[in-house]
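Below is one structure, written out as structure tokens; comments come after it.
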Amino acid sequence: MYFAIVVSLLASSAVASTYYVRTDGGSEQQCTGTINAAYSGSGTGQPCAWDHPFRALPPEGTPRIAGGDTLVIGAGSYMMGLGAPGAGLCEPTGPWGCHMPPIPSGPSTSAPTRIAGAGWDAGCRTPPELWGTERADFIVDLTRSSNVEVRCLEITDHSSCVESHSGSLACNRDTPPFGTWASIGIYAEDSQNVLLRDLDIHGLASGGVHAGRLTDWTVDNVRIAANGWVGWDGDIDGDDSNSGVLRFTRWVVEWNGCGETWPGKVPTGCWAQSAGGYGDGVGTGATRGRWIIEESKFLNNTSDGLDLLYARPGSSIEIRRTLAAGNAGNQLKTAGPAVIENSIIDANCGFHQGQPFTWNVDACRAGGDGVFILLFRGDRASVTNVSFTGEGDCLLVAECAEGQQCDGTERVTVRNNLFVGQTDYLQPFESTCLMYQETFPANPFDADYSLVIGTKDTTCPGLNDLCNQQPGVVNATMSNFDAHLLANSAAINRGTATGAPAIDFDGAPRDSAPDIGAYEYRKVGTGRRRAVRH
């Protein structure tokens with residue numbers, strides 16, 4: 001039996017092949033696809049690359065690559081949809097179906113199928129562009145695709161339109177030719193052990209990623225920006241619950257709910273729910289799984305930045321070294337056990353108002369709170385070394401999930417946080433509130449060792465809090481919030497070491513007497529200090 005297993009593994013490894021695509025390649029008849037070389041211009045079956053990804057993954061056809069193979073796509077621009085090389089089986093009357101078939105699953109986690117731009121293993125300096133056209137439903141299909149890597153690609157379209165936009169940007173959905181737009185960048189369902197790395201998914205007419213029923217996904221250095229309805233949409237047809245570990249690092253989700261001009265690539269026509277749109281940076285349906293989000297940014301989306309409010313009992317959420325700013329709804333929403341630490345929350349929820357790129361956005365939707373934590377019966381959450389500012393209803397909110405009959409054991413432990421209140425955008429006669437809780441039989445907040453200023457709450461929640469003292473940060477305004485501490489800040493050495501992260505937002509070490517907020521104070525020139533750009 002052992003011998004048979006070894007032989008099987010060796011055979012699987014032996015048959016894995018690498019195929020190449022480049023703009024000067026040839027068709028599947030002209031080239032084998034197995035050599036990274038241009039087509040000579042004559043002959044068939046030549047040792048050269050294919051000219052388009054559709055040669056490997058033909059729409060409405062059978063993949064020419066197998067599970068465990070690698071497809072390397074050379075630098076350049078590749079139209080994805082009706083009229084592209086290799087799209088001969090597409091129906092002109094239904095061009096929305098003209099997209100890659102599902103990527104074949106790899107035989108194991110150690111032998112994945114890989115779709116990658118050239119240079120994927122050497123810094124990904126010039127990712128190839130895959131751009132959708134003629135109303136293609138999506139560009140990359142991961143339906144029932146497991147043990148797969150998608151790396152070093154730019155995924156977009158060549159249109160400024162937004163699906164069903166209520167202004168002047170609506171895409172043509174009725175009369176062919178439909179134009180140079182596509183709905184979604186990546187679609188996935190019933191998919192496990194997938195790696196997305198070094199991707200720029202932007203400017204799609206509807207969404208960047210539409211994915212549910214995922215297990216053990218890793219997303220690293222992926223930007224999802226200026227997609228007309230939503231950035232990452234986890235609400236698919238039927239059950240959409242995820243499982244396993246869902247790990248996101250260096251994840252930038254910004255400007256979703258806005259169109260993107262082409263070729264200028266700047267946000268336009270930003271809209272949200274009151275105008276018939278959506279606008280979440282990240283949203284899901286009912287989900288489970290262990291969500292780990294680190295070194296990420298959720299910026300300027302037209303509704304919530306990160307909405308994990310539909311995480312169900314059995315899930316958990318961890319957010320570290322993350323910036324959430326300028327989202328028109330809540331900056332972060334979690335449900336169930338949660339850890340939020342070393343992060344910056346700038347609830348500038350009126351950011352879109354009066355801007356040239358805005359069509360119709362609900363300012364401070366759902367109160368525009370900084371962080372909203374939903375707890376189920378008996379759940380615990382912690383918020384540690386976070387720097388808050390904002391103009392929403394409250395900086396930090398906790399609520400018992402409907403129908404859960406919370407029993408009073410629920411806790412939100414709040415330590416070492418910097419809170420800078422601002423004028424409430426929706427009620428400018430008062431300031432934003434510090435913390436708010438409801439539907440619990442007992443106050444779940446256990447708050448201490450924080451610095452609080454500018455909120456309408458006048459009582460310090462903890463014995464070791466500092467209230468109504470200047471924050472001592474580089475810039476306390478919402479538009480340019482920089483929570484690095486100044487040398488005279490009262491926050492220096494006033495935190496507790498219990499539960500404090502070992503490093504700060506910048507990745508610099510904390511000492512045995514940690515400072516309050518996301519940053520540990522360091523003199524200029526004594527360590528890393530980076531400006532946080534919204």
Side-chain angles (χ1 to χ4, degrees), residues 96-97 99-106 109 112-113 115 132 136-150 155 163 182-197 199 201 204-220 222 224 227-249 251 253 256-257 277-293 296 298 301 303-319 332-336 374 401:
W96 45 86
H99 51 73
M100 289 180 180
I103 295 172
S105 295
T109 55
T113 306
I115 309 298
D137 283 339
F138 38 82
I139 296 174
V140 175
D141 189 354
L142 290 168
T143 300
R144 292 180 292 280
S145 299
S146 298
N147 305 321
V148 169
E149 296 182 3
V150 181
I155 299 173
E163 283 207 74
S183 291
I184 295 166
I186 296 177
Y187 181 82
E189 64 178 53
D190 302 310
S191 172
Q192 50 188 319
N193 300 317
V194 166
L195 170 66
L196 305 183
R197 175 170 287 159
L199 304 180
I201 306 169
L204 282 305
S206 181
V209 176
H210 195 184
R213 297 197 298 273
L214 313 178
T215 301
D216 296 330
W217 269 43
T218 298
V219 177
D220 177 51
V222 171
I224 302 175
N227 300 290
W229 277 74
V230 60
W232 181 292
D233 185 358
D235 193 358
I236 65 173
D237 290 340
D239 175 28
D240 46 30
S241 183
N242 306 296
S243 59
V245 177
L246 305 163
R247 184 182 296 274
F248 301 81
T249 56
W251 192 25
V253 184
N256 295 289
Y278 179 23
D280 273 1
V282 177
T284 71
T287 184
R288 289 182 173 82
R290 181 185 176 192
W291 293 73
I292 302 173
I293 299 168
S296 296
F298 303 94
N301 300 287
S303 190
D304 297 324
L306 172 68
D307 184 356
L308 291 180
L309 201 61
Y310 297 97
R312 301 295 89 182
S315 62
S316 65
I317 299 167
E318 302 164 41
I319 301 172
L332 302 178
K333 286 180 176 176
T334 67
L374 189 73

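Each of I184, I139, I186 was evaluated against L204; a single residue qualifies, I139, per the side chain to side chain contact (heavy atoms under 4.5 Å, CB included) test. Partner of N227 under the side chain to side chain donor-acceptor pair (under 3.5 Å) criterion, out of N301, N256, D233: N256 alone.
In this structure, the side-chain hydrogen bond (donor to acceptor under 3.5 Å, both in side chains) partners of T249, at least two apart in sequence or on a different chain, are D220. Under the salt bridge (Lys or Arg N to Asp or Glu O under 4.0 Å) criterion, D137 pairs with no residue at all, not counting sequence neighbours. Remark: W96 pairs with no residue by the side-chain hydrogen bond (donor to acceptor under 3.5 Å, both in side chains) rule, at least two apart or across chains. N193 is linked by a side-chain contact (heavy atoms from CB on, under 4.5 Å) to T109, N147, D216, counting only residues two or more places apart in sequence or in another chain. T334 meets the side-chain contact (heavy atoms from CB on, under 4.5 Å) test with I317, I319, A338, I340, I373; sequence neighbours excluded. Checked against salt bridge (Lys or Arg N to Asp or Glu O under 4.0 Å), E163 has the following partners two or more places apart in sequence or in another chain: R173. Residues meeting the side-chain hydrogen bond (donor to acceptor under 3.5 Å, both in side chains) test with S145, sequence neighbours left out: none. Listed by chain and number, the residues in a salt bridge (Lys or Arg N to Asp or Glu O under 4.0 Å) with D190 are R213 (sequence neighbours excluded). Every residue two or more places apart in sequence or in another chain that forms a ring-ring contact (aromatic ring centres under 6.0 Å, His included) with W232 is listed here: F248, W251.
Side-chain N or O atoms of W291 include none that pairs as donor or acceptor with a backbone N or O of S315 at under 3.5 Å. Between the side chain of H210 and the main chain of G185, no donor-acceptor pair closer than 3.5 Å is present.
Within a 6.0 Å sphere centred on CZ of R247, other residues, nucleotides and ligands contribute 12 heavy atoms or fewer.
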Pairs of donor and acceptor atoms involving the side chains of residues 280-290, under 3.5 Å and at least two apart or interchain, shall be tabulated with distances.
from, atom 1, to, atom 2, distance (Å)
D280, OD1, S303, OG, 3.2
D280, OD1, D304, N, 2.9
D280, OD2, Y278, OH, 3.1
T287, OG1, N242, N, 3.3
T287, OG1, N242, ND2, 2.9
R288, NE, P313, O, 2.9
R290, NE, E318, OE2, 2.7
R290, NH2, E318, OE1, 3.3
R290, NH2, E318, OE2, 3.0

**Asked** So T215 and S243, side-chain hydrogen bond (donor to acceptor under 3.5 Å, both in side chains) or not? Walk me through it.
**Response** CA-CA 5 Å; T215 301; S243 59; 2.8 Å; yes
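Side-chain contact between V222 and V209 is absent, with no heavy atoms from C-beta onward closer than 4.5 Å.
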